[in-house]
Chemist: 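A single structure is presented below for examination.
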Amino acid sequence: MAPAGQRYEYLDGRLRMLAGGSINHALVIANLIGILYGALRGKPCRVYNSDIRLQLSKARYVYPDITVSCDERDKGQGDSIRYPRLVVEVLSPSTEAFDRGRKAAYYRECASL
């Protein structure tokens with residue numbers, strides 16, 4: 001079990017510790033969640049923050065900054081989403097290369113995106 005406050009993504013048999021966020025990073029995410037929530041009001045979609053895990057495959061679990069799911073199969077499924085419609089990663093200097101590279105490739109393999 002990870003120490004309190006630490007989270008890890010699971011990618012192809014390896015754990016990758018998530019970097020901590022900055023105030024600006026958190027502000028951008030909060031603003032985007034507000035915009036998405038308003039735009040999707042009345043629709044069957046839900047907006048999730050980075051507390052919700054996205055299962056891309058049996059070997060890949062990630063924590064995007066924002067995930068939107070409109071799929072009924074994702075409702076009431078605990079702490080994981082499997083059928084995202086939209087994934088948002090707010091880039092930071094320490095994660096930009098990975099987020100734009102390998103992680104973006106993993107997202108492109110997800111049929112529901």
Chemist: Considering only residues two or more places apart or on different chains, which pairs with a residue in residues 32-45 satisfy side chain to side chain donor-acceptor pair (under 3.5 Å)?
Modeler: none
Chemist: Do R82 and R73 have side-chain heavy atoms sitting under 4.5 Å apart?
Modeler: no
Chemist: Where is the tightest heavy-atom contact between D74 and P84, given as atom of each residue plus distance?
Modeler: OD2-N, 4.2 Å
Chemist: Measuring from L86:CG to I66:CD1, what's the distance to the nearest 0.5 Å?
Modeler: 8.0 Å
Chemist: Measure the spacing between SG of C45 and CG of D71 and express it to the nearest 0.5 Å.
Modeler: 10.0 Å
Chemist: Can you run down the disulfide (SG to SG under 2.5 Å) pairs that involve residues 84-113, sequence neighbours left out, and say none if there aren't any?
Modeler: none
Chemist: Residues in salt bridge (Lys or Arg N to Asp or Glu O under 4.0 Å) with R102, at least two apart?
Modeler: none
Chemist: Any salt bridge (Lys or Arg N to Asp or Glu O under 4.0 Å) pairs touching residues 26-39, not counting sequence neighbours?
Modeler: none
Chemist: Taking transitive links into account, so neighbours of neighbours count too, which hydrophobic residues share a cluster with L54 at under 4.5 Å side-chain distance?
Modeler: L11, Y48, I52, L56, V62, I81, V87, F98, Y106, Y107, L113
Chemist: Would you name the heavy atoms of Y63 and Y8 that are closest together and state the gap between them?
Modeler: CE1-O, 3.4 Å
Chemist: S94: what forms a side chain to side chain donor-acceptor pair (under 3.5 Å) with it, not counting sequence neighbours?
Modeler: none
Chemist: Mind checking what makes side chain to side chain donor-acceptor pair (under 3.5 Å) contact with N49, not counting sequence neighbours?
Modeler: none
Chemist: Could you tell me whether the side chains of R53 and S80 share a donor-acceptor contact shorter than 3.5 Å?
Modeler: yes
Chemist: Could you work out the complete set of other residues in the hydrophobic cluster of Y83, with links drawn between I, L, V, M, F, W and Y side chains under 4.5 Å apart?
Modeler: none
Chemist: If the condition is salt bridge (Lys or Arg N to Asp or Glu O under 4.0 Å), which residues does D12 pass it with, not counting sequence neighbours?
Modeler: R60
Chemist: Going by the rule side chain to side chain contact (heavy atoms under 4.5 Å, CB included), which residues pair with R14 if we only count those two or more places apart in sequence or in a different chain?
Modeler: none
Chemist: What pairs with R85 under side chain to side chain contact (heavy atoms under 4.5 Å, CB included), at least two apart in sequence or on another chain?
Modeler: C70
Chemist: How many angstroms lie between CG in L36 and CZ in R46, if you round to the nearest 0.5 Å?
Modeler: 15.5 Å
Chemist: Side-chain atoms of residues 16-35: list all donor-acceptor pairs with protein atoms under 3.5 Å, sequence neighbours left out, distances to 0.1 Å.
Modeler:
unit_1, atom_1, unit_2, atom_2, d
R16, NH1, E9, OE1, 3.3
S22, OG, H25, N, 3.1
H25, NE2, V90, O, 3.0
N31, ND2, L27, O, 3.3

